[in-house]
There are 2 protein chains.
Amino acid sequence: MTSTRKITIFKEAARLFREKGYNGSSQRELADRAGLQGGSIYHHFSSKQDILYAIMEDTMRGLLHKVRRAVAEETSPLEKLKKAVRAHIEYHTEDRDETYVADAELRSLEEANYQQITRMRHDYEQIFRDIIDEGLQAGCMKVDDVLLATKALLQMCTGISYWYSPEGRKPIGEIADQYVELLLWGVCGKMAREVADGS
Amino acid sequence: MTSTRKITIFKEAARLFREKGYNGSSQRELADRAGLQGGSIYHHFSSKQDILYAIMEDTMRGLLHKVRRAVAEETSPLEKLKKAVRAHIEYHTEDRDETYVADAELRSLEEANYQQITRMRHDYEQIFRDIIDEGLQAGCMKVDDVLLATKALLQMCTGISYWYSPEGRKPIGEIADQYVELLLWGVCGKMAREVADGS
DNA sequence: GTCTATAACTAGATAGAC
DNA sequence: GTCTATCTAGTTATAGAC
């Protein structure tokens with residue numbers, strides 16, 4: 001992504017696709033928002049599908065990178081999970097248009113692109129699955145089905161990009177903290193923990 | 001929904017919209033799947049948007065009805081939450097095409113329809129918000145922000161309609177049980193509970 | 001690198017025969 | 001109640017001027 005024009009098209013596409021969906025967005029409206037005429041887009045991207053794929057690929061690559069880095073700093077499964085979830089949430093609030101599109105438009109990808117992005121999504125989920133596996137072995141976590149717990153966890157956190165707004169009442173850090181608390185302790189666990197702690 | 005033909009179009013539309021999205025689905029393909037010619041659809045529905053609205057309205061009404069009934073049987077907040085979540089999950093697996101569309105195509109609704117469905121969604125979320133509020137007051141639940149917890153909870157459970165398949169390895173009842181466990185206790189809470197119980 | 005013009009096609013919806 | 005034929009408008013993408 002060298003030229004600034006290409007970046008503008010990329011960002012405006014993410015915003016437009018988020019608002020109206022990939023199939024509900026026309027190349028003309030995208031061009032209009034990016035400040036050029038319809039045909040000019042094809043100098044920067046070979047097709048509308050090409051733009052969608054760029055958004056998806058960039059997002060998955062960014063997520064993989066950020067979460068792997070966050071996890072690498074830690075050794076305990078609990079700290080790894082906290083860091084991973086925070087990184088996931090930060091990315092989903094900072095680049096919320098792109099992550100929303102990456103999450104909602106899987107079905108709009110053509111076959112080859114779909115295969116590639118699905119592979120990256122699988123690698124991404126694997127990071128979380130591995131952490132929970134470690135947590136079970138270390139005895140600090142307890143779930144019946146790791147795959148199910150991973151899906152549930154990610155769906156809950158990904159959902160933030162559906163409603164989060166930077167103008168909202170709560171700063172990102174607080175939202176992330178509360179999601180971590182919910183994931184670790186649920187709506188009841190904190191009571192049991194206080195009993196266990198004798199507080 | 002009197003005629004069987006209308007029901008067929010309704011069901012096929014839910015399936016098609018789920019697969020390709022509202023804007024990615026053509027009236028002709030829908031007609032084809034429902035076993036009639038393009039123009040014939042307009043004898044049963046006045047427009048494509050009308051079909052989408054029917055799916056959304058029917059789904060929200062069904063969810064409201066089912067979850068309210070489930071909650072009405074119980075008095076304790078904990079049992080209410082369990083029943084409500086199970087009802088939500090059951091509905092999302094039984095009518096997974098409709099619930100998927102109802103969840104994913106909000107942005108494809110025209111203004112007046114959007115307002116109506118958003119109102120129903122608000123009422124639906126209110127049921128869960130009220131239960132958690134009761135739980136806090138009764139002292140059997142503990143969360144920092146009820147609104148945030150409600151959103152997180154529903155997003156996690158709604159996500160089931162994105163991956164659930166009736167041919168899958170796990171029966172619905174088991175999936176629902178494990179989601180309830182996760183929501184109540186998180187990935188760590190069950191350890192603390194065992195300590196508290198002295199087991 | 002951006003423009004205008006347009007080709008080739010597909011969309012939702014309607015009209016009138018049966 | 002379903003068909004066929006068709007209208008109008010919008011779609012992605014390309015071509016060639018500047």
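Chain letters run A, B, ... following the sequence lines, proteins first and then strands; every chain starts at 1. Heavy-atom basis, side chains included; hydrogens, waters and symmetry copies ignored.
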Phosphate OP1/OP2 of dG1(C) contacted by H43(A) side-chain N/O (<4.0 Å): yes

Where at least one partner belongs to residues 31-57 of chain A, residue pairs that pass ring-ring contact (aromatic ring centres under 6.0 Å, His included), sequence neighbours excluded: none

Quick one: salt bridge (Lys or Arg N to Asp or Glu O under 4.0 Å) pairs with a partner in residues 35-60 of chain A, sequence neighbours left out?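 Listed once each, the pairs are E57(A)-R61(A).
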
Would you mind reading off the distance between [X] atom [atom1] and [N] atom [atom2], rounded to a whole angstrom?
X      : N       : atom1 : atom2 : result
I41(B) : dT2(D)  : CD1   : P     : 11 Å
E29(A) : dG10(D) : CD    : P     : 13 Å
I9(A)  : dT2(C)  : CD1   : C1'   : 11 Å
F17(A) : dT12(D) : CZ    : C1'   : 12 Å
D32(A) : dC3(C)  : CG    : P     : 11 Å
F45(A) : dA13(D) : CZ    : P     : 13 Å

Give the cluster check for I89(B) versus L147(A): same hydrophobic cluster or not, with ILVMFWY residues linked at side-chain heavy-atom distances below 4.5 Å.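 I89(B) and L147(A): separate clusters.
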
Cluster partners of M191(A), using ILVMFWY side-chain heavy atoms under 4.5 angstrom, listed by chain and number? none

Members besides Y162(A) in its Ile/Leu/Val/Met/Phe/Trp/Tyr cluster (side-chain heavy atoms under 4.5 Å): Y100(A)

What string of B, S and - do you get for nucleotides 4-18 of chain C, 5' to 3', when a contact is any protein heavy atom under 4.0 Å? B------BBBB----

With sequence neighbours left out, the residues meeting ring-ring contact (aromatic ring centres under 6.0 Å, His included) with F17(B) are Y22(B)

